[in-house]
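The figures here come from the full heavy-atom set of this structure, side chains too, leaving out hydrogens, waters and symmetry mates. Reminder, nothing fancy here: chain letters follow the sequence lines and each chain counts from 1.
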Amino acid sequence: MNMKVNRMKKFGLIAVLGAGSLTSCVGDSNSPGLEYMPDMYRSSAVEAYVDYGEVRGKYDENAQNLIVEKFTFTPPSGTIPYAGNGNVAVNMPYRHGAPVGADKTHGLYGVRQDSAGLANAKWDVNPVPFSEDVLKEGKVLFERFCIHCHGENGAGDGTVPGTGKYPPPPAYDGPLKDRTAGEIFYTITYGKGAMGSHASQINKEERWKIVYYVQKLQGNDPGAATVVVNEEAAPEVEGGADAHNGH
Amino acid sequence: MKVLNSFISQRFKLLVVTAISLLSFSSNIYAEGDKAKGEVLFKANCGACHFPHKDMTGPALKGARQRWIDNSSEENFYKWIKDSQKLIGEGDSYASSLFNEWGSVMTPQAVSDEQIDDIFAYVDGYEDVTPPPPPTGGPGGTDVAEESSNAIWWIIAVLLLIVIGAVGTVRGNLNRVAKVEAGEAVNENETLAQGARRWAWDNRGWFGVTMLLVVVALLTAGMLDLMKIGVFEDYKPEQPIAYSHKLHAGDLAIDCKYCHNAVTKSKHATIPTVNVCMNCHKTVTEGTTTGTEEIAKIHDAAGWDADTKSFTGVTKPIKWVKVHNLPDHVYFNHSQHVEVGGVDCAQCHGDMKKETVARVMTTADLNAVEENKIKFSRPTLTMGWCIECHQLSNVDVAGSHIDGASESEDSYYGVIHQRLMKDKETYQKYLEDDVISVAELGGWECAKCHY
């Protein structure tokens, strides 16, 4: 009989301790919870965002250095793929350098600078052929990347300037009405004044699509703009000829 | 004549005095402009580069007119605004000193003199109305409260045990005294353990039942806890910067994809690099709840020197702690779900617009979001969770078909899907209910997720 009671007590004790220790780990929001044997959540290969090179409490120095090098300011170059649609003009590297001093004003470290960049970019032709679908895509992208500063109609009344802590951008159909497609592209790529460079977030094809939508908000005809610009400069750019025939 | 003259000059003086005192009501003695008009003009033309009360791309404009009067002339003040480069060309020393100090060109402004007066009526009357940060609060406050309440429960439990023990001993001693007085035999050498055993045996009926209940209850609790092994629900680690989704994605209505911009293109949604924060935090240097403290950490990481207003080139990574993490033996791809499958973030990540830093949502949180069509019963981020959703989600086979396209022109998947829909005999088993779930297209095959 003694034996029986004894066993029961031990059992009870184990159950109490077990349950207690389990709940105590799980309740902490800073701990991911319990793991039954290491289940490859932490691998010794460096995985994006995981532990920054820590393997079972130890840091591998090489991995650390790699991470400091790679994960710092902007995504590693080449992480935003060239648009894979075979449109050569879109895929070509952007010819115009950043404004002088862009490393100091906009943190564009290591980007080629060119005092004539903006002036040369002015008459660039939009290499993405215009269509209503492209304009629609541009609208979606504008609503993702620009709307919270520039506002729904580009009047500079987005939610972020609405806080009073961020400067309201000028209205597209006001002071910015005469900005050409090339200038708009240049601004998205390198930023201007308070506006930062958005090149790390938006690839070139997407930027050109947004340009069409901005032109619409300027009150200009985005389809027509291609032609006007086309007559003045760079007729050899691909896509321009098609657009010309269309009008 | 003299009298008349002095009379006029008297009245003139009076007029000037009243005018000045009237104007100084609007705390501005120069401009006779209209504040309301000025505010609109300021925001439309100057707001991109100037704040009234602090420096930005250009200097704070409050008191600028006085600075010009002191250093140059009021006439040049108007000239500057209309074309600053021209004035510099004319050799005005204050203008060129300004240009040298600020280093960037103020674009010529198409405004009239009256409009400038309106603008400065607004600017000089501007009061900074940023509310001061509340004294308490900040991140971590609630956690501390929770922890201490946990500790209180433990203390109460220990106190209860002590009380029970004390009462038990007293009662045992009393019993013994009673027995001795009644002349019954008392085993003086009985140890505590023997006593307890005897007591249990004497009361074996209800003691056995209680013990059984206790053991069953503990085992159930233990089992439930064991089920949580490998389940990371509610994991919400502290982050290096007290960034808030509620503020940015909720109040400021910034699209999730502005920051997590690779989500439509790649496996990873990506955590925004610090340059994305700097798109706004170059100018937004102060938050409502944390003041400059947290935002200074962003500046530190980006190498932004808030005093000289320039990037120094010395950068540091921000070590965000990864919250959602699948084991290495699973392949999960965001673009497959978000771009191809059209699944909304909230279906898997819940309502992030109400959260501060990210948390692994529980099944209950996910089901609480009204727009979520799929209601889960399995814990988030487990295999059961993926599988359940693949059974309940349908693939939009019609959507991949280009309207009006013939088979040769259709998209790659459009062709396959059209064949599926037409050839009912071969694919009958999929089409019994006229919908094709992800599971039926292979979403349950081990190798789709494990390879």
Name the option with the most non-hydrogen atom pairs under 4.5 Å to chain A; the candidates are [options].
| options | value |
| --- | --- |
| B:T270, B:T312, B:V323, B:L224 | B:T270 |
| B:N279, B:D305, B:V284 | B:N279 |
| B:C49, B:C280, B:A262 | B:C280 |
| B:K43, B:Q109, B:H268, B:H329 | B:H329 |

How many angstroms lie between [atom1] in [X] and [atom2] in [Y], if you round to the nearest 0.5 Å?
| X | Y | atom1 | atom2 | value |
| --- | --- | --- | --- | --- |
| A:L141 | B:T264 | CG | OG1 | 8.5 Å |
| B:I254 | A:T159 | CD1 | OG1 | 7.0 Å |
| B:N261 | A:E206 | CG | CD | 9.0 Å |
| A:C149 | B:L252 | SG | CG | 9.5 Å |
| A:D103 | B:F311 | CG | CZ | 10.0 Å |

More than 12 heavy atoms of other residues, nucleotides or ligands under 6.0 Å from [atom1] of [X]: is that the case?
| X | atom1 | answer |
| --- | --- | --- |
| B:K353 | NZ | no |
| A:K177 | NZ | yes |
| B:M383 | CE | no |

| request: Kindly indicate whether the side chain of B:D255, heavy atoms from C-beta on, has any atom under 4.5 Å from the side chain of A:F145. | output: no
- [ ] Kindly indicate whether the side chain of A:N203, heavy atoms from C-beta on, has any atom under 4.5 Å from the side chain of B:K265.
- [x]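 Yes. Closest side-chain heavy atoms under 4.5 Å.
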Between A:H148 and B:Y258, ring centroids under 6.0 Å: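 Under 6.0 Å, so yes.
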Between B:K282 and A:A194, is there a donor-acceptor pair closer than 3.5 Å when you use the side chain of the first and the backbone of the second?
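Not a single qualifying donor-acceptor pair exists.
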>> Give me the atom names and distance for the closest heavy-atom approach of B:W304 to A:T105.
In response: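 Distance-wise, the nearest heavy atoms are CZ3-O, 4.2 Å.
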So what's closer than 4.5 Å to chain B heavy atoms on A:P170: side chain, backbone, both or neither?
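When you check distances to chain B, atoms from both the backbone and side chain of A:P170 fall under 4.5 Å.
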Turns out that what part of A:T163 lies under 4.5 Å from chain B's heavy atoms comes down to side chain
* Any Lys/Arg nitrogen of A:E143 or B:K257 sitting under 4.0 Å from an Asp/Glu carboxylate oxygen of the other? -> no
| request: Verify whether one side chain among B:N275 and A:Q201 offers a donor that lies under 3.5 Å from an acceptor in the other. | output: no
### Message
Determine whether A:K165 and B:T288 satisfy the following criterion, side chain to side chain contact (heavy atoms under 4.5 Å, CB included), listing intermediate values before the conclusion.
### Response
CA-CA 10 Å; A:K165 296 188 175 182; B:T288 315; 3.5 Å; yes
